[in-house]
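Just so we're clear, the structure is a prediction, and the values are computed from it rather than from any experiment.
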2 protein chains.
Amino acid sequence: MPLDLPLADEQPVERSDAARNREALLVAAQRLVDQCGVDSVTMDAVAQEAGVGKGTVFRRFESREGLMAAVLDRSETAWQGAVIGGPPPLGPGAEPMERLLAFGHTRLRLNLTHGALIRAADRSGARSFAAVSFAAMHVRYLLTQLGVTGDIPLLATALMAPLEVVILEQQAGREHIPVERIEAAWDDLVRRVVNG
Amino acid sequence: MPLDLPLADEQPVERSDAARNREALLVAAQRLVDQCGVDSVTMDAVAQEAGVGKGTVFRRFESREGLMAAVLDRSETAWQGAVIGGPPPLGPGAEPMERLLAFGHTRLRLNLTHGALIRAADRSGARSFAAVSFAAMHVRYLLTQLGVTGDIPLLATALMAPLEVVILEQQAGREHIPVERIEAAWDDLVRRVVNG
DNA sequence: GGTGCAAACGGACCGCGGTCCGCTTCTATT
DNA sequence: AATAGAAGCGGACCGCGGTCCGTTTGCACC
């Protein structure tokens, strides 16, 4: 009678070898990324480094995009933690405007640092639902706190759009605009939107 | 004495067969794109459709990205013409604010319509210098006309960022936000930035 | 320990973008 | 018309992401 106990939140439970491989793959991928740069990491290389077959990599992570997203998740989670419960001005405790500016600055730097990884984790152009919506929620919340009226969700998007990797790499990379100036311009944008 | 005449603007002049092939390839690519959608157009297919070898495609257009950019160029050029010399409110003759709003609306629709093509023409994330800078120049010009003060180039970027394909496809596609609402939100953003 | 079977594994295989290089064609010059 | 050599051509070939399927492994129950 192979009956699984009818626990409410039935999630299939990963087999032990599967879990071991997942971890090995993440470690391998992380190492290769650090070593050779995102763009020259191949799926075969990751598989070999982890000592598993290529099929296993795709079974675990669906696609290259998925694997990179998993690697990215580490730092992204840390940042989200800092936003939710870290020290001010990014975390709670500071004035909403201060928090919003801190949000922008840290997000900007992060997107610039992890640009290649983010792009690799997000080839389709649509950032993973979770990642995007977390930031969106936060900005909406802060805008509300600031007493902004209007279409808050779309205003939030408008504020975050200039922080997208595509834009930042155009500015910092192609046009050689210093980061401080980009930050300052974003601050200005925020003030105009909030006060306007 | 194989001396080329020392004309000032010496550009090598394309050989006749090369020119013929370029045209054939563009036509073939255009047809295949219209027929099957950008994403399922392969370089081999384009080569075959145009009746040339694969190598020729890459010789002419460098890469898939380059070919798609060339295809895209047709409609893009038309739009640029309308901005520079078309009828108001998009073209000259209307008030700057009116022109700016018209700019945003047409750009928004265009980016939504040609989203797949634009993404294919621009895999790297950095839109071709020419395309981006034309729009940027125009917005900067209008902002100046409107008497906006501050970091005009970066304010212009901030206004155009929410019109990027990545953002629009997230909103219209994943979040099912109606285009009219996106337009309205952009108008609001513009007013805040201009008045703020 | 044995047994049944779902889950996981791995590597051969495929299609596509992109390169390479020996062969062909155009054109300038006589 | 003949000629030379640069420009163009084409298709075999490569590496990578992704799939498929026959084989192996872990686990629950006996």
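Both tests pass for A/Arg107 against the ring of A/Trp79: distance under 6.0 Å to the centre and angle within 45° of the axis. With a 6.0 Å cutoff to the six-membered ring centre and a 45° limit on the axis angle, B/Arg22 counts as a cation-pi contact of B/Phe61.
Here the P atom of nucleotide D/dG8 and the CD atom of B/Glu23 are 16 Å apart, to the nearest Å. At whole-Å resolution of the value, CG in A/Leu67 and P in D/dG18 are 10 Å apart. In this structure, the CE atom of B/Met68 is 10 Å from the P atom of C/dG18, given to the nearest Å. Spacing between atom CG of A/Asn21 and atom P of C/dG11 amounts to 12 Å, rounded to whole angstrom units. Rounded to whole Å, atom P of D/dC9 lies 9 Å from atom CD of B/Glu14. Between A/Lys54 atom NZ and D/dC21 atom P the separation is 17 Å, expressed in whole Å. Rounded to whole Å, the distance from CZ on B/Phe58 to P on D/dC14 is 17 Å. Between B/Arg20 atom CZ and C/dT27 atom C1' the separation is 13 Å, expressed in whole Å.
Residue contacts shown for B/Val46 are absent, as no nucleic acid heavy atom lies under 4.0 Å away. Across all strands shown, B/Arg60 has heavy atoms under 4.0 Å from sugar-phosphate atoms exclusively, and none from any base. Note on B/Arg59: a base of the nucleic acid sits closer than 4.0 angstrom, heavy atoms only.
Set against D/dG8, C/dC9, C/dC16, the side chain of A/Ala18 has C/dC9 as its closest nucleotide. Listed nucleotides: D/dG17, D/dC27, D/dC9. Nearest to the side chain of A/Arg15: D/dC27. Among the nucleotides D/dG26, D/dG17, C/dT19, the one closest to the side chain of A/Asp44 is D/dG17.
For D/dG8, the OP1/OP2 oxygens have no side-chain nitrogen or oxygen of B/Thr56 closer than 4.0 Å. Considering only side-chain N and O atoms, A/Ser16 lies under 4.0 angstrom from the phosphate OP1 or OP2 of D/dC27.
Relative orientation of the B/Trp186 and B/His105 rings is perpendicular, given thresholds of 30° and 60° on the angle between their planes.
Using a 4.5 Å cut-off on side-chain heavy atoms (C-beta onward), A/Leu189 and A/Pro162 make contact.
Taking each heavy atom of B/Leu163 and B/Asn111 in turn, the nearest pair found is O-ND2, 2.7 Å.
Heavy-atom nearest nucleotides on DNA chain C were determined for A/Gly55 and for B/Met43, and the one closer to the 5' end corresponds to A/Gly55.
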